Protein chains: 2
Amino acid sequence: MLSKKCKYAIHALVHMAKEPEKKFLIKDISEACNIPKKFLEAILLELKRAGVLGSKQGKGGGYFLRQDPATVNLAEVLRMFDGTIALVSCAAHKFYEPCAECEDEATCSLHHAFLEIRMATVEMLKNETLEGLAKKELKMKAKKKAKA
Amino acid sequence: MLSKKCKYAIHALVHMAKEPEKKFLIKDISEACNIPKKFLEAILLELKRAGVLGSKQGKGGGYFLRQDPATVNLAEVLRMFDGTIALVSCAAHKFYEPCAECEDEATCSLHHAFLEIRMATVEMLKNETLEGLAKKELKMKAKKKAKA
DNA sequence: GCCTAAATCTATTGATTTTATAGAGTTTAG
DNA sequence: CTAAACTCTATAAAATCAATAGATTTAGGC
């Protein structure tokens with residue numbers, strides 16, 4: 001499972017990607033996405049430090065996307081907040097660590113199995129971009145409204 | 001990431017699946033797989049309660065596979081120890097729960113994205129059986145030995 | 001029957017991580 | 001100069017994870 005922090009980050013980013021040019025107040029994102037304001041503060045700050053968001057301080061300030069939402073994908077966000085995507089550390093790409101209990105990774109069937117699963121999962125996550133998610137959501141909401 | 005408990009469980013099961021008819025002592029599994037003995041005790045007990053293992057108490061006792069290792073897969077073991085395989089609770093199959101912050105799952109892009117990812121992941125995990133993993137491991141170890 | 005080997009059960013501890021909040025500080029528009 | 005807004009440090013509450021201790025029950029073999 002994702003941490004709440006990571007899920008909140010994705011929610012916030014997708015929300016912002018619906019209007020990629022707009023500047024957002026923490027408070028507004030917090031209310032729109034139902035994320036505790038103080039918690040969201042820390043999250044947005046992390047995203048800023050990672051270069052995904054930019055910000056402007058003082059009156060009239062706010063957060064905005066610094067990167068093209070088509071180039072930001074879920075694999076990236078997951079790794080930023082939750083670390084590795086792999087199910088065991090010895091199958092990780094960016095956060096590789098040998099498993100303490102394993103005597104020989106080369107002949108460990110789990111290592112090989114989870115390596116494949118990690119690679120497939122990362123592929124799927126890379127296909128999910130902020131732009132894609134935001135557009136899908138706008139479309140779904142429009143459809144639902146039309147129905148009602 | 002899997003919990004250690006879950007990873008230990010899989011290690012122990014694969015170890016046992018290499019000799020599916022044999023009866024194993026906790027101590028022997030613990031030493032073979034480098035798992036803290038007391039911790040392993042609790043794990044094996046859970047696997048027994050779940051029906052995967054059987055046991056015999058007293059002198060000459062031990063644990064043994066109760067199910068055909070070809071029918072036990074990693075999806076099952078993961079769910080037993082770590083709960084849902086999905087990355088968000090609203091995308092879970094066996095452990096579904098709505099996300100607290102989400103106002104409308106039907107139009108949530110994350111819900112749909114993670115639903116697909118969960119389904120693909122479960123497919124992959126289901127293809128990894130105790131028998132498959134054990135055989136692969138035996139083969140790899142034999143190959144390595146032949147080389148040396 | 002008694003001894004010993006082995007699984008079983010209850011409880012609890014310590015460490016770590018996660019989630020969240022408080023409050024002071026800094027920046028900027030007007 | 002003041003209000004609005006992000007920034008930073010600190011910390012606390014809660015949950016989870018990993019591991020251990022110690023007592024109990026069961027069964028085999030002499």
Side-chain angles (χ1 to χ4, degrees), chain A residues 1-12 16 22-31 33-50 52-66 78 80-84 87-89 95 97 99-101, chain B residues 1-12 16 22-31 33-50 52-66 78 80-84 87-89 95 97 99-101:
Chain A
M1 292 261 284
L2 300 187
S3 65
K4 284 201 180 183
K5 197 170 184 182
C6 185
K7 192 168 41 155
Y8 288 162
I10 300 172
H11 273 303
M16 294 176 80
K22 194 174 153 185
K23 208 177 353 165
F24 295 84
L25 300 185
I26 298 178
K27 182 169 156 291
D28 291 344
I29 301 174
S30 156
E31 285 169 8
C33 301
N34 294 307
I35 303 169
K37 180 161 170 289
K38 272 292 186 180
F39 201 10
L40 180 61
E41 266 183 44
I43 293 167
L44 296 177
L45 218 43
E46 264 192 78
L47 286 166
K48 183 196 164 180
R49 294 208 179 102
V52 178
L53 297 181
S55 71
K56 191 160 177 280
Q57 278 197 62
K59 201 169 184 174
Y63 278 98
F64 50 87
L65 284 169
R66 167 157 265 161
L78 248 87
M80 189 180 316
F81 287 95
D82 288 356
T84 184
L87 290 172
V88 293
S89 65
F95 298 88
E97 267 186 83
C99 293
E101 81 281 2
Chain B
M1 292 262 284
L2 301 187
S3 65
K4 284 201 180 183
K5 198 171 184 181
C6 186
K7 193 170 36 154
Y8 288 161
I10 300 172
H11 273 303
M16 294 174 80
K22 194 174 153 184
K23 206 177 358 166
F24 295 85
L25 299 186
I26 298 178
K27 183 169 155 289
D28 292 343
I29 301 173
S30 157
E31 284 169 7
C33 301
N34 294 307
I35 303 170
K37 180 161 170 288
K38 272 292 188 180
F39 200 9
L40 181 61
E41 263 183 49
I43 293 166
L44 296 178
L45 217 44
E46 265 192 75
L47 286 166
K48 183 197 164 180
R49 294 207 179 101
V52 178
L53 297 182
S55 71
K56 189 158 179 281
Q57 279 198 69
K59 202 168 183 176
Y63 279 98
F64 50 89
L65 284 170
R66 169 155 265 161
L78 248 87
M80 189 180 316
F81 288 95
D82 288 356
T84 183
L87 290 171
V88 293
S89 65
F95 299 88
E97 268 185 82
C99 292
E101 81 281 3

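Computed from a predicted model, the values in this text were never measured in an experiment. What you see below is based on every heavy atom in this structure, not just the backbone, and it leaves out hydrogens, waters and symmetry mates. Numbers restart at 1 for each chain; the letters A, B, ... are given by sequence-line order, proteins then strands.
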Report yes if some heavy atom in the side chain of A/E101 is under 4.5 Å from a heavy atom in the side chain of B/C33; otherwise report no.
-> no
4.5 Å side-chain heavy-atom contact, A/L45 and A/Y63 = yes
Closest-nucleotide ordering on DNA chain C, the 5'-leading residue of A/G58 and B/G60 = B/G60
Worked verdict on B/I10 versus B/F81 for side chain to side chain contact (heavy atoms under 4.5 Å, CB included) = CA-CA 10 Å; B/I10 300 172; B/F81 288 95; over 6 Å; no
May I ask you to evaluate whether B/K56 reaches the phosphate of D/dG28, defined as a side-chain N or O under 4.0 Å from OP1 or OP2?
-> yes
What does B/K4 touch in the nucleic acid at a heavy-atom separation under 4.0 angstrom: a base, only the sugar-phosphate, or nothing?
-> sugar-phosphate
Nearest-nucleotide pick for B/P36, side chain only, options being D/dC6, D/dT20, C/dA20 | D/dT20
Contact under 4.0 Å: A/S55 side-chain N or O vs D/dT7 OP1/OP2 | yes
Roughly how many Å is it from CD1 in A/I29 to C1' in D/dA5, rounded to a whole number?
-> 13 Å
Starting at NZ of B/K59 and ending at P of D/dT25, how long is that distance when rounded to a whole Å?
-> 21 Å
Figure out the CG/C1' separation between A/L2 and C/dT19, and round it to whole Å.
-> 15 Å
For A/Y8 and C/dA20, is the shortest distance between a side-chain N/O and OP1 or OP2 below 4.0 Å?
-> yes
Winner on side-chain proximity to B/Q57, out of D/dA18, D/dA27, C/dT27, is D/dA27
With no hydrogens and no angle check, is any side-chain donor or acceptor of B/S55 less than 3.5 Å from a backbone partner on B/G62?
-> no
Separation of D/dA4 P from A/I26 CD1 (nearest whole Å) = 15 Å
So what does A/F24 touch, heavy atoms closer than 4.0 Å: a base, only the sugar-phosphate, or nothing?
-> sugar-phosphate
In whole angstrom, give the distance that lies between atom CZ of A/F64 and atom C1' of D/dA5.
-> 13 Å
Within the pair B/R49 and C/dC9, is there a side-chain N or O less than 4.0 Å away from OP1 or OP2?
-> yes
Checking all strands, does B/L44 fall into the base, sugar-phosphate, or nothing category for heavy-atom contacts under 4.0 angstrom?
-> nothing
Whole-Å distance, A/F81 CZ to C/dA20 P, equals 14 Å
Ranking A/K37 and B/S3 by the position along DNA chain D of their nearest nucleotide, the one closer to 5' is A/K37
Would you confirm whether A/K23, through its side chain, and A/G60, through its main-chain N or O, come within 3.5 Å as a donor-acceptor pair?
-> yes
Round to the nearest Å and state the distance from A/E46 atom CD to D/dC6 atom P.
-> 17 Å
B/T84 vs B/E97 side-chain heavy atoms within contact, under 4.5 Å = no
If only side-chain N and O atoms of A/K48 are considered, is one of them under 4.0 Å from the OP1 or OP2 phosphate oxygen of D/dT7?
-> yes
Mind calculating the distance between CD1 (A/I43) and P (D/dC6) to the nearest angstrom?
-> 14 Å
Under 4.0 angstrom between B/K5 side-chain N/O and D/dA19 OP1 or OP2 = no
